[in-house]
Amino acid sequence: MPELPADLPPAFFPPTTPVAVSRADFGPDFHWGVSAAAYQTEGAWNADGKGPSIWDEFVRRKGRIPRAETGDVACDFYHRWPQDLDLLKQLRIPDFRFSVAWPRVQPQGTGRPNPAGLDYYDRLVDGCLTRGITPWLTLYHWDLPAALQRRGGWANRDMLGWFTDYAGHVAARLGDRVQHWMVLNEPMAFVGAGHLLGLHAPGRRSPAGFLAAVHHAALAQAEGGRALRALLPAPARIGTTFSCSYITPWRPWLSRDVRAARRVDALLNRLFVEPALGLGYPVAELPVLRWLDRYKRAGDEERLAFDFDFLGIQNYTREVVRHSALMPALWAALVGARRRGVPITQLGWEVYPESLYEMLRQFSAYPNAPRLVVTENGAAFADEPVAPGQLTDPARQAFLQASIGQVLRARRAGIAVDGYFAWSFTDNFEWAEGYEPRFGLVKVDFASQQRTVRGSGQWYSDFVSGTE
Ligand code: FCB
């Protein structure tokens, strides 16, 4: 057998080491919350002057979403937020992350804001504060105004001006009350799935469009941060979020698999965070990124960097990677969890809570890394009814428990991570997968809009309130 490369990932299939957790282990200042997003929960897709988003249009295209489901109604959170926030309060979950729908604020994406749109978020923020819930606001969770897509969307550099203008309107209205801000939700996910794979809105499959969108989203991430910094009062904390998955080579003794894993790591985990930290794009590991130069202008390297107060880590699984001649430029393929015969969730994602620890370790290892917050983590599992009116979801509860254990493991290793948000508060519209995958701590019956707290939700409630 050839000699093993010196810097292998820590282990191939390391055994799961459960870490016992209690609320007290995290100290009083740790943030505990749940996450949600506008398009996945609000519904009211054309209410009160809201313009259509790229998702409103995408879901109407034939064959895009199973059972032709849409987010038109979703959890009807737009109308039911008072009851949902009451439930959150009753569950004693102190922090709530939600996103603002840009086309509610600016129906055509530019120009004077729609007062009814801003009023809605104003009420929502006040609704949190009067219940003692801390709001965490994401500016962009994928629902671009459709009018801007017609002008090229993320592939058009004008996005920088459109986006910072939008950020300014939201900050001006809510900045006096919202302290925790996130600029983008998972740029790699919306740029990759939306512009290269065609699986998400706007449904494009264009390598050139993808590269343009990468550069403009990376710039918008930093420019959005600067726009917020200029307007928000001092205690504001400005962050942004990243999708990430621990990458393991399929056969760690084969250097071609190890190199493939490094390329996929550069694409999935490093592409957006490194320019934000002033390190530029990871071109050395993924040479195809040189093509980004076509979209760069003088001064862009500096403009890509921003001094974020925190980075949001969003982790669900890990990926196992092998070399593949079939995928030009990346020369890599994922080895699916089903093929590997490992435990999986309803979406076929491997259950691998250690991935969260590995990602916290990786993101904290940058010399100038700011503090980290786990802004999303969770798992989809189908309900298994045990008795009428009763639901148990032991798999989801075990996943959350194990993941929180990995956060504790990271803190004990000296990693500065000071928050954890479960995805998601309620079941919701899971993008290209529709309503079937269930991520909620709270079950939603979409026909009646009835909410039922799952066992995992009760456990999380007891855990975060220290009564478990
Ligand atoms: C993340 C998204 C979030 C949700 C979860 C399951 O990538 O940010 O909206 O769909 O995955």
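Indexing begins at 1, ligand by ligand and atom by atom, following the structure's order. In this chain, numbering begins with 1 at the start of the sequence shown. No experiment lies behind these values; they were computed from the predicted model shown.
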task = Can you spot which of His180, Arg371, Arg229, Arg237 makes a side-chain hydrogen bond (donor to acceptor under 3.5 Å, both in side chains) with Asp309?
result = Arg229

key: Phe439: numbered ligand 1 atoms lying under 4.0 Å from its heavy atoms   = 6 (C)

For atom 8 (O) of ligand 1, closest protein heavy-atom neighbour = Asn185 ND2, 2.9 Å

task = Test Trp136 against Trp181 for ring pair (Phe, Tyr, Trp, His ring centres under 6.0 Å), laying out the working first.
result = CA-CA 6 Å; Trp136 291 58; Trp181 294 74; over 10 Å; no

ask   = Considering only protein heavy atoms, which is closest to atom 10 (O) of ligand 1, and at what distance to one decimal place?
value = Glu430 OE1, 2.7 Å

key: Arg97 NZ/CZ over Phe421 ring centroid, <6.0 Å and within 45° of normal   = no

Residues 210-222 side chain polar contacts: donor-acceptor under 3.5 Å, at least two apart:
from	atom 1	to	atom 2	distance (Å)
His215	ND1	Tyr281	OH	2.7
His215	NE2	Asp300	OD2	2.8
His216	ND1	Trp154	O	2.8
His216	ND1	Ala212	O	3.0
Gln221	NE2	Phe272	O	3.0

Numbered atoms and elements of ligand 1 in range of Trp431, under 4.0 angstrom, heavy atoms = 3 (C), 4 (C), 9 (O), 10 (O)

key: Validation row: Trp459, Gln401 side chains within 4.5 angstrom (heavy atoms)   = yes

request  = Flag the pair Arg60 and Glu57 as a salt bridge only when some basic side-chain nitrogen lies within less than 4.0 angstrom of an acidic carboxylate oxygen.
outcome  = no

inquiry  = For ligand 1, which is the ligand I care about here, please tell me if Trp423 has any N or O atom under 3.5 Å from one of the ligand's N or O atoms.
reply    = no

query = For the residue pair Trp142 and Trp431, does the interplanar ring angle fall in the parallel (under 30°), tilted (30 to 60°) or perpendicular (over 60°) class?
reply = tilted

task = Using a strict cut-off of 4.0 Å, indicate which atoms of ligand 1 neighbour a heavy atom of Gln40.
result = 3 (C), 4 (C), 9 (O), 10 (O)

key: Identity and distance of the protein heavy atom lying nearest atom 2 (C) of ligand 1   = Glu376 OE1, 3.4 Å

key: Top protein contact for atom 5 (C) of ligand 1, by heavy-atom distance   = Tyr316 OH, 3.2 Å

inquiry  = Can you report which non-hydrogen protein atom sits closest to atom 7 (O) of ligand 1, along with the distance?
reply    = Glu186 OE1, 2.5 Å

